[in-house]
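Here is the structure we will look at, set down as structure tokens.
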Number of protein chains: 2
Amino acid sequence: MNYYTISQLAEQFDVSTRTIRYYEERGLISPIRTESGQRLYTKKDRAALKLILRGKRFGFSLEEIHEMISLFDNDRTGRKQLEKTIAYGEQKLKEVTERIEDLMQLKQEMESILADFRERLQKLEGIE
Amino acid sequence: MNYYTISQLAEQFDVSTRTIRYYEERGLISPIRTESGQRLYTKKDRAALKLILRGKRFGFSLEEIHEMISLFDNDRTGRKQLEKTIAYGEQKLKEVTERIEDLMQLKQEMESILADFRERLQKLEGIE
DNA sequence: GTTGACTTTTACGTAAACGTAAACTAAAAT
DNA sequence: ATTTTAGTTTACGTTTACGTAAAAGTCAAC
């Protein structure tokens with residue numbers, strides 16, 4: 001398995017190294033270390049970072065993202081744990097679904113506003 | 001036309017009065033005032049607040065929301081202005097569309113993870 | 001084997017988005 | 001008429017999510 005350095009990841013995702021270290025500081029990523037203390041990131045760490053950045057784009061706080069990651073990531077072997085995780089997942093899924101619907105409504109509204117503006121522009125061009 | 005007081009709006013949207021005043025401070029809402037200085041909010045102000053809060057849920061900054069509002073709100077009569085507004089609107093529409101697609105992908109992933117968890121739970125129940 | 005790029009920790013700084021408290025005024029209720 | 005209750009401004013405080021700088025160690029290249 002090969003590793004990424006922090007600056008490689010930073011470049012790939014166009015974020016600062018400080019940002020990546022901050023996510024670790026908050027417990028969202030846990031890269032291994034070389035003997036001298038340098039961070040090494042696996043494909044899994046990379047995937048986690050990708051997830052975090054996507055979550056951020058959706059407006060989730062790091063705290064929320066942390067919650068999601070740790071629930072889905074940990075191997076929840078016990079039955080109770082599994083049930084709890086499923087319930088949580090269903091809840092989050094519902095939230096995402098609502099968000100999609102909300103966004104689609106916004107899209108509709110924007111489209112109708114745009115149509116209105118285009119009509120106005122046409123009328124202006126008709127006069128001229 | 002009847003008005004809302006600041007605390008009425010705050011209650012309706014479950015935000016603090018400070019939050020509403022802050023949005024005004026940043027130029028996002030402009031309620032009229034009574035002679036004594038009290039803020040009075042029209043239906044339009046209410047709609048604007050609703051828009052702001054929706055934008056926030058989507059992870060837009062107040063600055064971005066401000067930009068959108070002022071572009072769509074102002075009566076852009078001039079032809080150049082109209083064209084500019086339409087271009088901006090198309091850009092924002094594209095962003096929203098991408099966001100929706102992004103979210104739908106996330107939804108898919110969550111559903112597949114959930115399906116996997118459910119399967120595991122079934123197996124556990126089969127044993128017991 | 002030394003220069004230069006990279007990394008580490010520590011720590012202070014900062015912008016955004018409010019929270020909170022004080023000091024005061026106006027409105028509503030009793 | 002006088003308590004509550006609600007509203008106003010001013011201003012300092014707080015959290016989140018990093019930016020930035022310093023001081024020191026390390027890796028890669030020439």
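All figures in this text were calculated on a predicted structure; none of them were measured in a lab. Order of the sequence lines sets the chain letters (A, B, ...), proteins ahead of strands, with each chain counted from 1.
The distance between atom CD1 of B:Ile52 and atom C1' of C:dC18, rounded to the nearest whole Å, is 14 Å. The CG-P distance, from B:Leu40 to C:dA27, rounds to 11 Å in whole Å. The interatomic distance linking A:Tyr41 (OH) with C:dC6 (P) rounds to 16 Å, in whole Å. The distance from atom OH of B:Tyr3 to atom P of D:dG7 is 17 Å, rounded to the nearest whole Å. Atom P of nucleotide C:dC18 and atom CG of B:Leu49 are separated by 11 Å, given to the nearest angstrom. A straight line from CG of B:Leu28 to P of C:dC18 spans 10 Å, rounded to a whole angstrom. Rounded to an integer number of Å, the gap from B:Arg21 CZ to C:dG19 C1' is 12 Å. One interatomic measurement links the two molecules: CD1 of B:Ile20 to P of D:dT9, which rounds to 14 Å at whole-angstrom precision.
Between B:Ser16 and C:dG19 there is a side-chain N or O to OP1 or OP2 distance below 4.0 Å. Between A:Thr19 and D:dG19, a side-chain N or O to OP1/OP2 separation shorter than 4.0 Å is present. Using a 4.0 Å cut-off, some side-chain N or O of B:Tyr23 falls inside it from OP1 or OP2 of C:dC18. OP1 or OP2 of C:dT25 has not a single side-chain nitrogen or oxygen of B:Ser36 nearer than 4.0 Å. Look at B:Thr17 and you won't find any side-chain N or O under 4.0 angstrom from OP1 or OP2 of D:dA6. In terms of phosphate contacts, B:Ser7 brings a side-chain nitrogen or oxygen within less than 4.0 Å of OP1 or OP2 of D:dG7. Taking only side-chain nitrogens and oxygens, B:Arg33 comes nearer than 4.0 Å to OP1 or OP2 of D:dT9. For B:Lys56 and C:dC18, the shortest distance from a side-chain N or O to OP1 or OP2 is below 4.0 Å.
Between the side chain of B:Asp45 and the backbone N or O of B:Thr42 there is at least one donor-acceptor pair closer than 3.5 Å. Judged by distance alone, the side chain of B:Arg46 and the main-chain N or O of B:Tyr3 form no donor-acceptor pair under 3.5 Å. With A:Glu11 contributing its side chain and A:Gln8 its backbone, the two residues share no donor-acceptor pair below 3.5 Å.
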Assess whether salt bridge (charged side-chain N to carboxylate O under 4.0 Å, His left out) is satisfied between B:Arg118 and A:Glu83, documenting all intermediate values. CA-CA 8 Å; B:Arg118 286 209 187 88; A:Glu83 279 170 353; over 6 Å; no

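Put simply, the side chain of B:Arg18 and the base of C:dT20 share a donor and an acceptor less than 3.5 Å apart.
Both A:Gln38 and A:Glu25 sit near DNA chain C, but only A:Gln38 has its closest nucleotide nearer the 5' end.
Residue B:Thr34 is classed as having no contact, given no heavy-atom separation below 4.0 Å to the nucleic acid. Residue A:Arg39 is classed as a sugar-phosphate contact, given heavy-atom separations below 4.0 Å to backbone atoms only.
Note that the NZ atom of B:Lys92 and the CG atom of A:Leu106 stand 10.5 Å from one another [nearest 0.5 Å].
The side chain of A:Thr5 approaches C:dT7 more closely than any other nucleotide in the set C:dA16, C:dT7, D:dG7.
A:Arg26 is not listed as a side-chain neighbour of A:His66, based on a closest heavy-atom distance of 4.5 Å or more.
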